[in-house]
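Everything below concerns the one structure shown next.
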Amino acid sequence: MLSQDWPQTYQEAVALQESLRGQVRLIPLSRPPRFVAGADAIAARADRRIFGAIAVYSYPELELVEEAGAAGVCPFPYRTGLLSFREVPILAAAFEKLKQRPDVLLVDGQGIAHPRGLGLATHLGLVLEVPTIGVAKSRLLGNGEEPGRDAGAAIPLIWQGKVVGLILRTQTGKKPFYLSPGHLITLAESREIVMGCVRRYRSPIPLRQADGLSRRLRSAASDPEETRRAPAPDKWR
DNA sequence: GCGACAG
DNA sequence: ATCTTGTCGC
């Protein structure tokens with residue numbers, strides 16, 4: 001399927017990114033989103049397995065609608081700027097299991113705030129043909145001042161003289177996220193939706209849920225014994 | 001050459 | 001990010 005002609009070398013991966021960059025479309029959503037999902041993947045270095053998870057929520061109510069997960073083998077090593085070649089296949093596999101197709105997908109990584117404009121969120125959006133938003137916990141590139149302390153405060157993320165995203169504070173006094181549109185969405189819409197997905201945690205709810213599911217998948221797969229481990233000693237109760 | 005570097 | 005145990009705080 002997808003991993004057959006998947007890039008095997010650094011050069012092939014970079015060439016694919018450069019051939020895809022012209023297909024990225026930062027256009028407004030066709031309609032207000034009713035279902036927003038979060039996507040995250042996590043790897044187990046020991047056996048090179050990787051687990052992907054997607055959690056779909058109603059929007060703006062933010063009630064969990066559906067979750068899906070997938071497991072596989074890492075198809076590419078981690079390299080700065082090439083994260084998508086590691087995570088797109090497993091996230092696409094999880095996405096295909098969904099019964100409810102989300103209107104927007106929040107992704108744990110950069111959107112267009114990337115050396116060739118093709119961060120994980122952008123690449124995944126192109127492959128799935130779904131609007132995506134990149135929500136990264138740290139910076140890959142670009143400059144911008146520290147946003148104000150209040151929740152919702154944001155500063156443009158500038159790279160090569162252009163605004164490629166926002167440094168966005170989701171919770172008062174907490175570390176901000178690096179937001180950038182992925183595909184089929186605008187920066188303003190991305191900001192609005194991400195803030196609309198924040199409740200009592202720093203991470204947007206759909207992303208937090210997907211992160212939790214991917215971690216549970218990894219534990220369940222790496223600790224077969226753990227599933228039915230011995231009960232706690234009496235003296236612990 | 002030096003510093004930076006999503007997950 | 002991963003590898004790890006307990007531990008401090010709401």
Side-chain angles (χ1 to χ4, degrees), chain A residues 6-7 10 13-14 16-17 20-21 24 38-54 69-94 105-127 132-144 157-160 164-168 170-183 190 194 199-204 206-208 210-219 221-223 226 229 232 236:
Chain A
W6 201 242
Y10 182 96
V14 170
L16 181 52
Q17 289 180 328
L20 290 176
R21 70 184 308 176
V24 179
D40 190 25
I42 191 166
R45 189 174 59 178
D47 54 6
R48 289 180 46 193
R49 272 186 305 178
I50 187 166
F51 304 86
I54 296 186
V73 175
C74 292
F76 206 89
Y78 173 76
R79 291 259 201 298
T80 299
L82 300 182
L83 175 64
S84 68
F85 295 96
R86 189 174 168 80
E87 303 195 349
V88 161
I90 203 68
L91 291 177
L105 193 53
L106 306 190
V107 185
D108 184 12
Q110 312 289 345
I112 62 167
H114 175 278
R116 290 166 291 283
L118 265 138
L120 172 60
T122 301
H123 194 168
L124 189 60
L126 283 170
V127 168
T132 54
I133 301 172
V135 184
K137 298 181 292 298
S138 60
R139 190 183 65 89
L140 173 57
L141 53 75
N143 299 294
L157 179 64
I158 309 293
W159 188 64
Q160 296 186 338
V164 293
L166 292 174
I167 304 176
L168 176 67
T170 55
Q171 292 274 278
T172 302
K174 300 297 227 171
K175 184 177 191 293
F177 280 95
Y178 290 78
L179 170 75
S180 60
H183 183 49
S190 299
V194 166
R199 289 294 183 269
R200 60 170 306 209
Y201 304 101
R202 179 175 86 106
S203 293
L207 272 181
R208 193 170 192 279
D211 177 74
L213 176 55
S214 63
R215 285 175 186 286
R216 292 197 298 279
L217 290 174
R218 186 181 60 177
S219 328
S222 56
D223 308 321
E226 206 67 8
R229 69 185 177 197
W236 289 4

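Residue numbers begin at 1 in each chain, while the letters A, B, ... track the order of the sequences. Bear in mind that the values here come from a model prediction, so they are computed numbers and not experimental data.
Between A/Leu207 atom CG and A/Asp108 atom CG the span is 6.0 Å, to the nearest 0.5 Å. Atom CG of residue A/Leu105 and atom CD1 of residue A/Ile54 lie 5.5 Å apart, to the nearest 0.5 angstrom. Atom CD of A/Gln110 sits about 7.0 Å away from atom OG of A/Ser138, to the nearest 0.5 Å. Considering CD of A/Gln17 and CG of A/Leu126, their distance stands at 11.0 Å, rounded to 0.5 Å.
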Encoded 5' to 3' (Watson-Crick or G-U under 3.5 Å; [ ] crossing; | other strand), DNA chain B becomes .......
Kindly list each side-chain donor-acceptor pair under 3.5 angstrom involving residues 71-94 of chain A, sequence neighbours excluded, with atom names and distances?
unit_1: A/Ser84; atom_1: OG; unit_2: A/His123; atom_2: ND1; d: 2.8
unit_1: A/Arg86; atom_1: NH1; unit_2: A/Phe76; atom_2: O; d: 3.1

Side chains of residues 172-179 of chain A: which donor-acceptor partners sit under 3.5 Å, not counting sequence neighbours?
unit_1: A/Thr172; atom_1: OG1; unit_2: A/Ala151; atom_2: N; d: 3.2
unit_1: A/Lys175; atom_1: NZ; unit_2: A/Lys137; atom_2: O; d: 2.7

Give the B/S/- string for nucleotides 1-7 of chain B, one per nucleotide from 5' to 3', where a protein heavy atom under 4.0 Å of the base yields B, of only the sugar-phosphate yields S, and otherwise -. ---SBBB
Generate the contact string for nucleotides 4-10 of chain C. Rules: B means base contact, S means sugar-phosphate contact only, - means no protein heavy atom under 4.0 Å. -------
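For A/Asn143, the side chain to side chain contact (heavy atoms under 4.5 Å, CB included) criterion is met by no residue, not counting sequence neighbours.
In this structure, the CZ atom of A/Arg215 is 10 Å from the P atom of C/dC3, given to the nearest Å.
With a 6.0 Å radius and a threshold of 12 heavy atoms from other residues, nucleotides or ligands, A/Arg216 has its CZ atom above the threshold. By the neighbour-count criterion of 12 heavy atoms within 6.0 Å, atom CZ of A/Arg208 is sparsely surrounded, having that number or fewer from other residues, nucleotides or ligands.
Two residues are said to be in side-chain contact when any heavy atoms from C-beta on lie closer than 4.5 Å; A/Ile50 and A/Ser214 fail this criterion.
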